[in-house]
There are 2 protein chains.
Amino acid sequence: MSPGKKGKILIVEDEKKIADITRVYLERDGFGVAHAEDGETAIKLLKDKFDLIILDLMLPDIQGEDLCTMIRKDSEVPIIVLTAKSAEEERVKGLGLGADDYVVKPFSPRELVARVNAHLRRTKKASFSLSFNGGDLKIDVQKHEVRKKGEPLTLTPTEFKILLTLSERPEAVMTRYQLVNLVLGYDFEGYERTIDAHVKNLRQKIEDNSREPAFIKTVYGLGYKFIGRGDED
Amino acid sequence: MSPGKKGKILIVEDEKKIADITRVYLERDGFGVAHAEDGETAIKLLKDKFDLIILDLMLPDIQGEDLCTMIRKDSEVPIIVLTAKSAEEERVKGLGLGADDYVVKPFSPRELVARVNAHLRRTKKASFSLSFNGGDLKIDVQKHEVRKKGEPLTLTPTEFKILLTLSERPEAVMTRYQLVNLVLGYDFEGYERTIDAHVKNLRQKIEDNSREPAFIKTVYGLGYKFIGRGDED
DNA sequence: GAAGGCCTTCACACTTTCTTCAAATATGAA
DNA sequence: TTCATATTTGAAGAAAGTGTGAAGGCCTTC
C-alpha cells in the first residue's frame, strides 16, 4: 500500500475493475489504499486502522450489511456504501445499518473521491447528519432517518436520496438531469420527469403545505433547490 | 465544428459509426464536437483547447495509451477512455496513464454523455458569482439567484441568461444577433427583437429607473451592453 | 399467488414564460 | 427641424414547464 499522506482507505469490493479504478483515483488524490476482495479479507485487514471504508454491499462471502454493522460496532470510522440501484438500496433503509453515505452504482469516480474528501473533512463530527431551521428538519444518514419537528417520517429510498442530494448543497440549483444521475444512477435511461413525481411525494411528506414548499423550491426551467439554514450539530 | 455552448469535446475514434453516434448525442446535449480518426489527426487538432477528450484506446496508427500520456503531459483536460470489452488489462493501464474515466464498448451513448457532464461539472469552478458596484448587484450562477442591494430578484430563465451573458463582458456591446444565439440558442428561428422585450422586463427588475438604465445600456443601432465595476468576491 | 411497497410513466390541468405585434417614443442624420 | 429608422412598452395569444393523481410493472413478503 502506498503511504497516503491524506489518509488510509479500505476498499471492500469484489469487482476488480471497480476496485482498481477507485484505487487509481484515490491514490492520485493522495490517499493510501488497501483493497479486500471479500469479507474475510476485509476483516483481516481491519486490524489496521483506516480513516475511511468504502464498502460494496454485494460481496461473495458475506452480506455487506453484516460487515457494515460489524465494523460500526467497533469503531466510528466513516463508511461509504456502494449499492447497485435495485433492491439493495431498500435494505440500506430497512436495516439502518450505520453507513455514513451511499453512492449508487455505476458512479463517477470523481464523485466518489469528492465524497471521501467531504467525509474526512467533517471527521470530527460524530456522525453525518444534517439539521435545518432550528431542528425543524433533521436528516440522519447513518440511521437513514428524517425527522420533521421531531416526528419521524417514512421516506422511500429514492425520496431520501433526493432530499440528501439537494440538502447537501443548500440553495444550489440541481437540474433534473443531475438528480437523475446522482440519485438513480448514470445508467438510468428513463424519463427525466420521474424526478418530479418523487419530488411531489417528498414534498407531501416534508412540507407543511406542499403547494408552497418551504424546503424544496422549484426553479422554473431548471430544476429544484433546497432552502434551509443549516444548524450547528 | 458546431459552436458548443457547454464545451468543446474531441472524439478520437477510428470507427466512424461509433464516432458519429457519439457526436450526435453530444451535440444534442449542447456540446461542440471535433473528431479525429487517428492519432496523427488528433495531435494536430489538439493545438486547440478542448474541455474534454474521448479517446479510443484502439487506434490504427498509434497506441491509445501513448496518446493518453502525451495529452496528460501537457494538460489537465479530462480524458474518458473507450475500451473494447475483451481488453481487460487495458482499462487499468489507461487509468494509470492519467485517464479520468473509462467506458466499455459497446456503451450506451446516454451514459457516455452523462459521464461527460459529470466530469465537466467537477472541473468547473464549484460556484462562481459576479458582483458589481460594491455589491449593488450580485449574480450567483449556482444558486441561480440575482440580488439587488441584498434583495433577491425573481428572474425568468431567459432574463437570467441575458444578464449573465452581458455581465460576463462588462462594457462589451452585444448585438441582438449574438444575444439570440447565446441566450435563445443557435436554432432559434424567431424574431430578433424578442430580445428587446426581455431586456425591458429585465430592466424593470434590476434597474432603479428603467428609463435611465444604469446596468444595461442601449447602444443605438448596435445592441446592448452591461456597465458595472466588478467587485472582488 | 395475493398483497403491498416502490418506481416509472402518462395525461391533463394549471402556471409561468416567451414571442409577437402595434403604438408610442427616442435617436441620429440631413 | 424633419424624416427615416431604432427602440421601448404593454398587451395578448402561443408555447413551454410544472403539479398531480392514477395506472401499470416489478419485486418482496406473507
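Just so it is clear: chains get the letters A, B, ... in the order the sequence lines come, proteins before strands, and each one is counted from 1.
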Please state whether the phosphate of [N], meaning OP1 or OP2, lies under 4.0 angstrom from any side-chain nitrogen or oxygen of [X].
X         : N       : answer
Ser210(A) : dG19(D) : no
Thr158(A) : dC7(C)  : yes
Thr156(A) : dC7(C)  : yes
Arg211(A) : dG19(D) : no
Arg193(A) : dT8(C)  : no
Thr218(B) : dT8(D)  : yes

Would you classify [X] as touching base, sugar-phosphate or nothing, given that sugar-phosphate means primed atoms plus P, OP1 and OP2, and contacts are heavy atoms under 4.0 Å?
X         : result
Thr194(B) : base
Glu192(B) : nothing
Phe160(B) : nothing
Val219(A) : sugar-phosphate
Gln204(B) : sugar-phosphate

Choose from dG28(C), dG19(D), dA16(D) the nucleotide whose nearest atom is closest to any side-chain atom of Asp196(A).
->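 Minimum distance to the Asp196(A) side chain belongs to dG19(D).
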Separation of [X] atom [atom1] from [N] atom [atom2], in whole Å?
X         : N       : atom1 : atom2 : answer
Tyr191(A) : dT8(C)  : OH    : C1'   : 10 Å
Leu184(A) : dC6(C)  : CG    : C1'   : 12 Å
Leu155(B) : dC18(C) : CG    : P     : 10 Å
Phe188(A) : dC7(C)  : CZ    : P     : 11 Å
Leu202(B) : dT17(C) : CG    : P     : 13 Å
Leu153(B) : dT17(C) : CG    : P     : 13 Å
Glu159(A) : dG5(C)  : CD    : C1'   : 11 Å
Asp187(B) : dA16(D) : CG    : P     : 11 Å

Glu159(A): which of Gln204(A), Lys205(A), His198(A) passes side chain to side chain donor-acceptor pair (under 3.5 Å) |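 Running side chain to side chain donor-acceptor pair (under 3.5 Å) over Gln204(A), Lys205(A), His198(A) with Glu159(A) returns exactly one hit, Lys205(A).
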Taking the six-membered ring of Tyr191(A), is NZ or CZ of Arg193(A) closer than 6.0 Å to its centre and within 45° of its axis?
-> no
Do Asn201(B) side-chain atoms and Ala197(B) backbone N/O form a donor-acceptor pair below 3.5 Å?
->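 Pair found, side chain donor or acceptor close to backbone of Ala197(B).
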Taking it one step at a time, do Asp208(B) and Lys148(B) satisfy salt bridge (charged side-chain N to carboxylate O under 4.0 Å, His left out)?
-> CA-CA 10 Å; Asp208(B) 290 325; Lys148(B) 184 188 172 185; 2.8 Å; yes
Starting at the 5' end of DNA chain D, which residue's closest nucleotide do you reach first, Arg176(B) or Lys200(B)?
->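 Whichever sits nearer the 5' end wins; that is Arg176(B).
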Phe215(B) ring center within less than 6.0 Å of Phe226(B) ring center |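 Yes.
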Is the count of non-hydrogen atoms from other residues, nucleotides or ligands lying under 6.0 Å from Phe188(B) atom CZ greater than 12?
->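 Yes, because the 6.0 Å sphere around CZ of Phe188(B) holds more than 12 heavy atoms from other groups.
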Look at the side chain of Tyr224(B) against the base of dT7(D) and say whether a donor-acceptor pair falls under 3.5 Å; ignore hydrogens and angles.
->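 Answer no: no donor N or O sits under 3.5 Å from an acceptor.
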